[in-house]
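Taking it in order: structure first as structure tokens, then the write-up.
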Amino acid sequence: MTDIATRAARVVQSPGGRRRLNGGGPRAGTIFAFVIPFFLPFVLFYLVPVGYALWQSVRVVRRTGGQYGTSYTTFGGFDQYEKVFQNSEFWSSVGRIGLFGIVQVPVMLFVALVIALLLDTPPLRLKSVFRITAFMPYAVPGVIAAIMWSYLYSPQLSPVVDLLNGIGLHPDFLGPGAVLWSAANISTWLWTGYNMLIMFSALQSIPQELYEAAKLDGASNWAIAWQIKVPIIAPSIILTTVFSIIGTLQLYAEPAVLRQISSNISSTFTPNMLAYAVASGNNYQQAAAISVVIAVITFVLSFGFMRLTSKRAGL
């Protein structure tokens, strides 16, 4: 009897035994009911638009009977992509956004990391107040933030410009050499709090025993922050960097709003603005090809960065 009871207990404790005692595994209908709320929007609002963009990008508009003949759309292979790669405005926008990302992303993430480490310091009081204050800009829609900052950049309206002019400085935030960094400042203001919250959440999951052991070994708060905390939350830093790379290549709202008050921002200032400008000219096939190329560049950069940094971090 003892052997039988032991074998029965093992069957009950095994995953297969639990399924048999519960009258079988979960039914397909139950699984489908849980999956469909995600799967249906994913198909309708992600896979279908991507598929439609790919289909449009391999089509071209041709005419019969000369310039004023009847137009028709037909399969064009990679003709649209050849036009994209031969478009100097496209490569200028890519280079501009590349410079933007190389400077803005490290600055933003470094500021977010410093704020997260400061909020995780034990002596700091009113942590929740400072955390909410740092996160608040993210709650402002991007277009509203760009409009607000454009008011602060405008030479005719800005109290900041008036103040700087009064002390002998004459900044031109909308000048040809500064307008890109004015847009970068808006993005940094918007997204620093979001990235900070991800890093701060990762810091909260670190066991306090590690800090206590480090203090017993004579480590200072500075050493604990940069030698213990930062290496442990490296996956979160990598994640926020990937998000930032993706967001950089999708930049649109900030320069589009600033374009209303600055002649130094053209309709092709960023790749997304170029795609929109081309689509506004009813050349949807070319705009689709530009969008596909942007998506491929985004995937290569983000996935490549993630693989490279994950290997170095031993993840």
Side-chain angles (χ1 to χ4, degrees), residues 13 15 38 97-140 142 145 149 181-251 254 298-315:
Q13 293 172 1
F38 162 78
I97 209 68
L99 178 61
F100 178 98
I102 290 173
V103 176
Q104 187 267 340
V105 170
V107 170
M108 176 183 63
L109 295 181
F110 178 76
V111 174
L113 177 61
V114 170
I115 295 175
L117 291 172
L118 290 174
L119 291 176
D120 194 56
T121 304
L124 183 66
R125 298 181 179 180
L126 301 175
K127 291 184 180 181
S128 59
V129 175
F130 289 112
R131 185 167 64 249
I132 293 174
T133 302
F135 184 74
M136 279 179 62
Y138 175 68
V140 179
W149 278 97
W181 309 118
S182 296
N185 177 64
I186 300 173
S187 296
T188 303
W189 183 82
L190 270 172
W191 292 97
T192 297
Y194 171 81
N195 294 305
M196 175 276 299
L197 194 63
I198 295 176
M199 297 177 189
F200 181 76
S201 300
L203 288 170
Q204 295 299 291
S205 64
I206 300 177
Q208 295 295 319
E209 291 78 5
L210 288 178
Y211 305 150
E212 295 174 1
K215 290 180 179 179
L216 289 175
D217 291 338
S220 62
N221 289 332
W222 177 268
I224 291 174
W226 296 105
Q227 297 179 17
I228 296 179
K229 293 183 179 181
V230 173
I232 290 178
I233 67 169
S236 297
I237 298 175
I238 293 173
L239 179 65
T240 54
T241 305
V242 171
F243 287 166
S244 300
I245 292 173
I246 296 172
T248 297
L249 289 165
Q250 294 178 347
L251 185 69
E254 292 86 346
T298 302
F299 173 79
V300 171
L301 290 178
S302 57
F303 184 76
F305 174 82
M306 187 168 57
R307 287 295 301 270
L308 178 64
T309 52
S310 296
K311 287 182 179 180
R312 290 187 176 182
L315 302 177

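Across P137 and A134, no two heavy atoms sit closer than the pair CD-O, 3.4 Å. Taking both residues in full, the closest heavy atoms of V140 and A145 are given as CG1-N, 3.8 Å, listed atom of the first, atom of the second, then distance. Among all heavy-atom pairs drawn from N195 and A112, the shortest one is CB-CB, 3.9 Å. In plain terms, the two heavy atoms of F305 and V242 that are nearest each other are CD2-CG2, 4.0 Å. In terms of heavy atoms, S244 sits closest to L109 at OG-CD2, 3.8 Å. When all heavy atoms of A219 and I224 are compared, the pair lying nearest together is CB-CG1, 4.0 Å.
Using bins of under 30°, 30° to 60° and over 60° for the plane-to-plane angle, the ring pair W226/F110 lands in the parallel bin. Taking the six-membered ring for Trp and thresholds of 30 and 60 degrees, Y138 and F135 have ring planes inclined between 30 and 60 degrees apart.
Rounded to the nearest 0.5 Å, atoms CH2 (W191) and OG1 (T248) are 10.5 Å apart. Taken to the nearest 0.5 Å, the OG atom of S302 stands 6.5 Å off from the CD1 atom of I245. To the nearest 0.5 Å, atoms CD1 (I198) and CZ (F243) are separated by 6.0 Å. From N185, atom CG reaches atom CE of M108 across 12.0 Å, with rounding to the nearest 0.5 Å. Put simply, CD1 on I246 and CG on L249 are 8.5 Å apart, with the number rounded to the nearest 0.5 Å. Atom CD1 of I97 and atom CG of L251 lie 4.0 Å apart (nearest 0.5 Å).
For the pair L99 and W181, the minimum side-chain heavy-atom distance is below 4.5 Å. At least one side-chain heavy atom of K215 sits less than 4.5 Å from a side-chain heavy atom of N221. Between L113 and I233, some side-chain heavy-atom pair lies under the 4.5 Å cut-off. At a threshold of 4.5 Å between non-hydrogen side-chain atoms, the residues F100 and S187 count as touching. Put simply, the side chain of I232 reaches to within 4.5 Å of the side chain of L210, judged on heavy atoms. For the pair M306 and T241, the minimum side-chain heavy-atom distance is 4.5 Å or more. Considering only heavy atoms from C-beta on, I206 comes within 4.5 Å of Y211 through its side chain.
Side-chain contact of Q104 with T188: a donor-acceptor pair under 3.5 Å is present, judged by distance alone.
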Using side chain to side chain contact (heavy atoms under 4.5 Å, CB included), reason through L203 and L119 one step at a time and then give a plain yes or no.
CA-CA 10 Å; L203 288 170; L119 291 176; over 6 Å; no
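A donor-acceptor pair under 3.5 Å is formed between the side chain of T240 and the backbone N or O of I237.
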